[in-house]
Asker: 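Let me give you the structure first, and then I'll get to my questions.
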Amino acid sequence: MHRFLLRTLNFAVNHPVSVYESCVSISKCEKAAASAFRVANGGGVKALSTSSYRHCEKKDDVTPAHQEEKTNAVEDVVPTETATLLTPKAEGEITLVKKEEHNEEPVVLKTDGVDMEQQQADVRVEEVVEPPKQVKSPAANSGKQSLLDLLGAMKVEVTNKSKLKSKKTMSPRPESIPKPNLAAMESTISMFQQATGEAASQSEALDSTLVAAASAAASTLPNSSQAESELLRQLRKNDSVTEAQKKGDTNNLGVIIADMKVGKRYNRQTAKPANQIWFDDDGKGYTLERGITAELDGVRRRRPMFSGKRLNVFSPATAADSVETTVARPTLWDMDFANQLSLSTSQFPRNGLEEMIQWSKEGKLWRYPINNEAGLEEEVGVSFHEHIYLDRHLEEGFPSQGPVRHFMELVVAGLSRNPYLTVQQKREHISWFRDYFHQKEEVLKEADVYLR
Amino acid sequence: MATPGRHVGHYIQRNSRFLLNNLDQLWVNRTFGWTSALRQHAAETITESTDTIVIPRKKTWSKEAVLEALAATVSRDPTAYSYQFQDDPYLTPRTAPELRLYTLAQESGRSAAKYFVNSNPKFFTKDFAEPHIPCLMPETVSLRLEEVSEEALKERINLRKVKAAVDMYDQILQAGVSVSMETTHDLLDLICLYCDKDPVEDEGPETEDVEGAEDAKRNKAGARRASNILKSIWRENNNAERLFNLLPERDTQCYSALIRGMVKHGAYTKAFSAYTDMLNNRLTADVHIFNALISAAPEVRDKYNERWDVIIELLNQMSQQKVQPNLLTFNSVLKALRRCGFLAKTQSIHTLNEMKALGIAPSLASFDHILAVFFKGASRQANSDIFQEVMSELAGTSFTCRDPDDTHFFSNAMRICVEIKDLELAYKVQSLLEVGENWRLLRDPYRSYFYGSFFSLLCMMEHVDVVMKWYRQLVPSVYYPNTQGFRDLMQALDTDSRLDLLPVIWKDIRSLGHDNKSDLVEELLNLMARDTHSPEVQESYAACALDVKSVFAGDRGNKSLEWSPSSLSNITSLLLRANKTQQAWEMLQLFKSKNRVPATGLLEEFLSACHSEGSTNRAVALVQLSAAFCLSATPTLAKRTLSEFDLTEEQRAILLDLESAGESLE
């Protein structure tokens, strides 16, 4: 996950996401915000609402000038975040934030327009990383402290499972220790290391957490044991599907490929457009295919025989002319012509490898893998974010708070880390729970757990 | 997972100095207000400092890239038969006709299997493959939709059922429903392409047709080709024209289909009138129409300059109608120029220059046409610098097939090389063939022709060592020499007096199945028996002669050769020279059984061999044999024997008797 954020940070610039991602790194410096976010999300992977982060960026921009305002802002962030995630009572503040964000919008857009290239993005990151280092340790500390308190209180209010609560409040603890006097660079790195470590441990502990969450959700129903077992059965089914698809790959290789899959999607998504602009501009990336015409030109200059007069009927084609001829769909004549050409060049293979080429062209032979995407035909058009950011599937048909929501967030977190299921399977999995909770709507209402 | 972090750290470190430098400036500026211009300024500076990092463009590999790379490492093994035959050594073809038979059999077997699978899909419903392999499953070749609808029409068009499609179209029209323009275009294309006939049953006969066309230079194919032409003659008022006339509105594409169909199927005049009709309807033509009409131009005019006028007129209309010509346009101009006599030479050069001016790279077919124009009839030698020039332009270029005529280039170029006897050019053509994928442009019937010409040119012009080097490279992996090829080779060996290689050549002759060609075998024996060589060579000759004898005897079961007197005596004398008197004696017996008469010289030679061996008995028997043939030389032989050999009384009596008998006969 964090790898994603970082890589996108490095490359993707044109993307609106980049704004908030650069902010993520800032917020890493102020650990308070980051850890608070993690607590609030309860281990969820989908990061944060963009709005709060834009907000955050705005503050960072302003910070060097007005230090006090900064501290306030950081304190502001804490309630808004928690509000968006947990408490309805903060809605007023949300609108406030939104307004601020709205005001900020033009600036953000402008910077987007300017920061087309990767290096520029880095500049921005560094600019905003630098000031906090100098200014902010006390501010961050106070902000963090208040944030933690607030969160602890909220958690207790929302879920009455003490087990869960202790888990949540425990987990951020090691990270929340401030490291005030480190250089910005180092702190950023260690932040990420910690973050990844935590992510790993969370994914391992996910099972027990899920079970706990399932029982929490189930306990709101009358016959809690039955509901729990139903929920768990579905989860186990998911597990078994995962296992099955995992074993489809060869054991360890499967794990490796799973990692690669994520990285690769990313590459395709974001790296390409940026590079295109880059290379189009300076042209270095292309080896120009001059081919025979260039050579002929040279020959014509040298030799008298093939120079001299031409028919002088046509004028050289302009680009616009050639474009319009390519639009038409292939007719039977074109197919016939192509067939003729291929027949006239078809030869018997000269060795075993050429025979294999011929067979793979005919589709008789399994394609010899040329990259790590071999065998991913089914998901070839699916981008990584559809695998990772599954929260949006919770917007429809699930309560915005409460144990059911909490349970579903855990489910989604688990799914987002699962490389073995297709996006379609993940969606089906979520929609099974949607149906399930809808069927139990009456029961849930009785237990005062609202679906909407 | 730690790497990204480090990555960022790295960046920060790289740029920190810059940042520090700029920080003060930023500080000041920020108090005045945050502007995007400032950021831009900072960003520009950093672009300069990190200029060294160029992220390479993502390279898209073709799906066979790995295999292609591997295949590029494998080169041809000149000692082996080509790969396709290695599975089945027993059936390996050894001559060009056998090769053709083999490939035909393979293709027809394949298409028979395909036909069976496609026509009986019910037997092939099981899909064992995981993942699914679509190309191994039966295709749908029968019609599914029966009701009268546009969908059904489309299905018929896709399956290329011309008659059924026309019927369906008529039914749709009768039902009062209109058909969409797109489908109408497809239908017209279909009818015009196949000339209102159902195409010959798919794949199988198609490949056979290709092979059949290859036969064209050989005997019977002429008849088949003629029947092909007869089959696809554009008939007056066929369905294409009928449908076309029924159309409520006709656009360029309809005319395009009609005109291309007319030209393809020989209705050239009709095509031109359709074109005039189209112009009257104020439509502009497309490039395909022009291509078709240009290639039809030589058919509608008789005089050379009239033909060229038609072509130039068409080209002018093209540029007036703002139609951009393509490669095929100019290739058809050049092809038409081949039939324009005296005009061709200048105009073809102009055409080529026009292509270059328009940035259209000529294909091999263009050069093929140009060469054909320049090397037609007399004054061949004078034009060889054109050829030189063409070859120096082409040298080192790898071509892909862009025109079906591209495949003619190599064999035609080699033919011209042979005609003008220019070995250097032949080497150039050969080396061009080796470049990249160019070998794909030389298909089978042309390939054996190409190598045959090349090899005979080598035999004619080149030193025998070089000839043998090429021979070893080409035979049998790409080229099976025919009788003429071997004869050329033996002549080359003769001129450079390397006749000692003949036994090796004989082995190849045998393995390539030319050992049943009597004239070839006799020529070989003649060459071997003509002169006397060193004992070692004679020894190998004798072994070879015995091998030849076994072929005559029909050892291998195929039809044996007829013994001729010269071959019998050649073999005998070869054996004698290698001191194989016993085998030579057996050969002499063969004369009798085959009713052939040995020459006097041979018998005298035999007698001297007996003398050097000191076998008196055989000498006497020889004279007796000679007497049995009633040869006039018998008395002389008897006299020689009497004087030279140490005889017993009995033998002396026999010889005296024979000598006197001979004399009395005279």
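Below, chain A is the first sequence line, B the second, and so on; all start at residue 1.
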Asker: Has B/Arg402 got a side-chain atom pairing as donor or acceptor with B/Ala361's backbone, closer than 3.5 angstrom?
Answerer: yes

Asker: Counting only non-hydrogen atoms closer than 4.5 Å, does B/Thr351 touch chain A with its backbone (N, CA, C, O), its side chain (CB onward), both, or neither?
Answerer: both

Asker: B/Arg443 side chain to A/Ser346 main-chain N or O, any donor-acceptor pair under 3.5 Å?
Answerer: yes

Asker: Select one option (side chain, backbone, both, neither) describing which atoms of B/Glu182 are under 4.5 Å from chain A's heavy atoms.
Answerer: both

Asker: Could you give all pairs that pass the salt bridge (Lys or Arg N to Asp or Glu O under 4.0 Å) test and reach residues 345-354 of chain A, with sequence neighbours left out?
Answerer: A/Arg350-A/Glu354

Asker: Measuring heavy-atom distances to chain A, does B/Gln106 have an atom under 4.5 Å in its side chain, in its backbone, in both, or in neither?
Answerer: side chain

Asker: Do B/Asn353 side-chain atoms and B/Ser348 backbone N/O form a donor-acceptor pair below 3.5 Å?
Answerer: no

Asker: Considering only heavy atoms and a distance below 4.5 Å, find which of B/Ala257, B/Pro325, B/Ala65, B/Cys192 pairs most often with chain A.
Answerer: B/Pro325

Asker: If we ignore hydrogens and angles and just use 3.5 Å, is the side chain of B/Asp403 paired with the main-chain N or O of B/Ala365 as donor and acceptor?
Answerer: no

Asker: When you measure from the side chain of B/Ser256 to the backbone N and O of B/Thr252, does any donor-acceptor pair fall under 3.5 Å?
Answerer: no

Asker: Need one label for B/Asn326: side chain, backbone, both or neither, based on atoms under 4.5 Å from any heavy atom in chain A.
Answerer: neither

Asker: Please classify the contact of B/Ser62 with chain A as side chain, backbone, both or neither, using a heavy-atom distance under 4.5 Å.
Answerer: backbone

Asker: Can you tell which of B/Asp186, B/Thr73, B/Asp406 has the highest number of heavy-atom pairs within less than 4.5 Å of chain A?
Answerer: B/Asp186

Asker: Is the side chain of B/Glu354 donor-acceptor paired with the backbone N or O of A/Phe314 at a distance under 3.5 Å, no angle test?
Answerer: yes

Asker: Keeping A/Gln347 on the side-chain end and B/Arg440 on the backbone end, is there a donor-acceptor pair under 3.5 Å?
Answerer: yes

Asker: If I measure from the heavy atoms of chain B, does A/Ser342 come under 4.5 Å with its side chain, its backbone, both, or neither?
Answerer: neither

Asker: What part of B/Leu328 lies closer than 4.5 angstrom to a heavy atom of chain A: side chain, backbone, both or neither?
Answerer: side chain

Asker: Under 4.5 Å, counting heavy-atom pairs only, tell me which of A/Leu332, A/Leu353, A/Asn351, A/Leu365 racks up the most with chain B.
Answerer: A/Asn351

Asker: Against chain A, label B/Val287 side chain, backbone, both or neither, depending on which of its atoms sit under 4.5 Å from a heavy atom there.
Answerer: neither

Asker: Below 4.5 Å from any heavy atom of chain A, which atoms of B/Glu437 appear? Answer side chain, backbone, both or neither.
Answerer: neither

Asker: Could you look at B/Leu315 and say if it's the side chain, the backbone, both or neither that has a heavy atom under 4.5 Å from chain A?
Answerer: both

Asker: Pick one of side chain, backbone, both or neither for B/Arg260, based on which atoms fall under 4.5 Å of a heavy atom in chain A.
Answerer: both

Asker: Sequence neighbours excluded, which residues qualify as ring-ring contact (aromatic ring centres under 6.0 Å, His included) partners of B/Tyr102?
Answerer: B/Phe85

